Q: 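Okay, here's the structure, questions in a sec.
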Amino acid sequence: MLDIKFVRSNPESVKEALVKRAVDLSLDEFLNLDEERRKKLAEVEQLKNKRNVVSEEIGKLKKAGEAAEEKILEMRSVSQSIKEMDEDVKEIEVKLQNILLTIPNVPNQTVPEGTDEDDNQKVKEWGQPKEFDFEAKPHWEIGEQLDIIDFERGSKVSGARFSFYKGAGARLERALFNFMLDLHSREHGYTEIIPPFIVNADSMTGTGQLPKFAEDMFKLEGTNYYLIPTAEVPVTNLYRDEILNTDQMPIYHCAFSPCFRAEAGAAGRDTRGLIRQHQFNKVELVKFVNPDNSYEELEKLLQNAEQVLQLLGLPYRVVNLCAGDLGFSAAQTYDIEVWLPSFNTYREISSCSNFEDFQARRANIRFRREKKGKPQFVHTLNGSGLAVGRTLAAILENYQEQDGSISIPPVLQPYMGGLTKITADK
RNA sequence: GGAGAGAUGGCCGAGUGGCUUAAGGCGCACGCCUGGAAAGCGUGUGGGCGGGCAACCGCCUCAAGGGUUCAAAUCCCUUUCUCUCCGCCA
């Protein structure tokens, strides 16, 4: 959410940002409502002041045993007017809030212009895509042939975009997220969190999923609960409505969670394999930092996520998302894309963003620079570190051998009980 | 799930319709005192919104939302959360 005072005093910058993002939204209604609200507010506050003053007089008159009927009658009608005007103001405020909640964040200065992913700016490439001297198989075929992933029974038991991990596949998944959590908590200074996997609507609003993206999520029928689409939601909302002390900042959390996504607009896309599932595991990195250095923190966050791929020996590239491809809440985002041989291309495996104070304002997360200073909003950042299912897919594809087996990356072998290879016969 | 009790400022805690612009204490900040410190004394000490260049002024805020009243922390209703007991349960 943008600061209403910022929108009021910088309408041109906001309009420019909307154009840059190719979002069709007129600010004029908002600006008019804002002016109307302030006008009515001044009027009703003046009446309330009168009521406060006169009510006190009535109290004194009554105490002194004097008549106060006339003033009481007058105040009765004043109170009625206040009630009506309060309703008007409230109505305007609801409208303003509804608009404000649907205005996306302003992209930062360095975000490249562009309308879709083709305009994203390549920042770096790491590793060489491996040349296979046989035909590289897609991970779903490998998974089925090794009997470590079962898509068919996933469909039977749940539906499309669900799957079972089995045997060495289940163990590999577990090895991956344990490896990631150990790396981030031991080497990178993140405090580990296991959050609730179900949250309320306030939390979804705090991070920006609601009100605009309700159809992307699973809501539990008859309740106010949602399955989380990422650990970002519960972990960012950890400090909702709190004022943090400077000495506890910056806060780094890493969190494991399953993620649940309705994939409403993705019918027909990535229908096979692990790339686009309704449920997948992810290790998420979340930071709460001082606004002064949030962009340094973004670079460090990106490096922490990249490190996972480097240690796993998976080739990847980093792109700086253009304005048109940027998520609703983000001011800047780097995507990390891993090489998938069967797709013959790079696919997103992590998204690292600085939200500046956009989420902090929605979720009301503040801090004080000095002990007696005014509270101000923190900057929040997060990034996948990494999406576990996609990482597993990347390992199956990049580490496949001609005989159909999979070699286990050395860093994972301790997590696999020393196993170095997954073969069909086991 | 059943029965009951609660929710007041950073913390503890008073307050059952107007003398509360939330008592008192703790904590914190500043000052006095001191060679320095402690103790003591004094002053100050939440958040949001609106107006104003500012000093400052006004409004709102006693879990949240509604209601009664000229006037609500206080009375009524709803919701949320916490605690106790019972039942069930990984």
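In what follows, every chain begins at residue 1, and chains take the letters A, B, ... in the order their sequences are listed. Just so it is clear, the model here is predicted, and its values are computed rather than measured. Because only heavy atoms are used, hydrogens play no part in the values below, and waters and symmetry mates are left out as well, while side chains stay in.
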Q: Roughly how many Å apart are B:A14 and B:G51, using the C1' atom of each and rounding to a whole number?
A: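 Between the two C1' atoms, the distance is 36 Å.
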
Q: Distance check, C1' atoms only: B:U21 and B:C62, in whole angstrom units.
A: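 Approximately 15 Å lies between the C1' atom of B:U21 and that of B:C62.
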
Q: Please produce a list of atom pairs where a protein N or O lies less than 3.5 Å from an N or O of nucleotides 65-67 of chain B.
A:
none

Q: Nearest-Å distance, NZ (A:K63) to P (B:C19)?
A: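 In whole Å, B:C19 P and A:K63 NZ are 7 Å from each other.
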
Q: Is A:E74 salt-bridged to A:K50, cutoff N-O under 4.0 Å?
A: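 A salt bridge links A:E74 with A:K50.
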
Q: Taking only Lys NZ, Arg NE, NH1 and NH2, and the carboxylate oxygens of Asp or Glu, determine whether A:K15 and A:D28 approach each other closer than 4.0 Å.
A: yes

Q: How would you label the contact of A:K62 with the nucleic acid (heavy atoms, under 4.0 Å): base, sugar-phosphate, or nothing?
A: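 Contact class for A:K62: base.
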
Q: C1' atom, B:G44 versus B:C26: distance in rounded Å?
A: 16 Å

Q: Between B:U61 and B:A22, how far apart are the two P atoms, rounded to whole Å?
A: 12 Å

Q: Considering only the C1' atoms, how many Å lie between B:G67 and B:G31, rounded to the nearest integer?
A: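 Between the two C1' atoms, the distance is 49 Å.
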
Q: Nearest heavy-atom pair of A:A330 and A:N105: which atoms, and what distance?
A: O-CB, 3.5 Å

Q: Does a side-chain N-to-carboxylate-O contact under 4.0 Å join A:E57 and A:K71?
A: yes

Q: Is there side-chain contact between A:P229 and A:M204, with heavy atoms separated by less than 4.5 Å?
A: yes

Q: With rounding to whole Å, what would you report as the distance between B:U45 and B:A55 at their P atoms?
A: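 Pairwise P distance, B:U45 against B:A55, rounds to 16 Å.
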
Q: Between A:L392, A:D150, A:I148, A:L172, which is the residue that forms a side-chain contact (heavy atoms from CB on, under 4.5 Å) with A:Y165?
A: A:L392

Q: How long is the line joining CG of A:L61 and C1' of B:A71, in whole Å?
A: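 Distance, rounded to whole Å: 13 Å.
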
Q: Parallel, tilted or perpendicular: which one describes the rings of A:H188 and A:H184, with boundaries at 30° and 60°?
A: tilted

Q: For A:K60 and for A:S79, find the nucleotide of RNA chain B with the closest heavy atom, then tell me which residue's nucleotide is more 5'.
A: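 It is A:K60, whose closest nucleotide lies nearer the 5' terminus.
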
Q: Kindly express the pairing pattern of RNA chain B in dot-bracket notation, using | wherever a base pairs with another strand and counting only Watson-Crick or G-U pairs under 3.5 Å.
A: ((((((((.[[[..)..(.....]]]((((((.......))))))((((((....)))))).[[[[[..)....]]]]])))))))....

Q: So A:P138 and A:R272, do their side chains get closer than 4.5 Å, heavy atoms only?
A: no

Q: Contact between A:W140 and A:I149 at the side-chain level, heavy atoms closer than 4.5 Å - yes or no?
A: no

Q: Please state how far atom CG in A:N224 lies from atom C1' in B:U79, giving the value in whole angstrom units.
A: 11 Å

Q: Can you say whether the rings of A:F328 and A:F213 are parallel (under 30°), tilted (30 to 60°) or perpendicular (over 60°)?
A: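 The arrangement is perpendicular - the two ring planes meet at more than 60°.
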
Q: With rounding to whole Å, what would you report as the distance between B:A29 and B:U84 at their C1' atoms?
A: 41 Å

Q: When rounded to the nearest Å, what value does the distance between C1' atoms of B:U69 and B:G18 take?
A: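 Pairwise C1' distance, B:U69 against B:G18, rounds to 12 Å.
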
Q: Could you state the atom-to-atom distance from CD1 of A:I82 to C1' of B:C70 in whole Å?
A: 10 Å

Q: How close or far is atom P of B:C19 from atom CD1 of A:I58, stated in whole angstroms?
A: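 After rounding, the gap between these two atoms is 14 Å.
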
Q: Over 60° means perpendicular and under 30° means parallel, so classify the ring planes of A:H278 and A:F162, tilted if in between.
A: tilted

Q: Report, as a single string ordered 5' to 3', how protein heavy atoms within less than 4.0 Å touch nucleotides 43-62 of chain B: B base, S sugar-phosphate only, - not at all.
A: --S-SSSSS------BBS--

Q: Hey, is A:R369 close enough to A:D292 for a salt bridge, meaning N to O under 4.0 Å?
A: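 Counted as a salt bridge, because a side-chain N and a carboxylate O are separated by less than 4.0 Å.
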
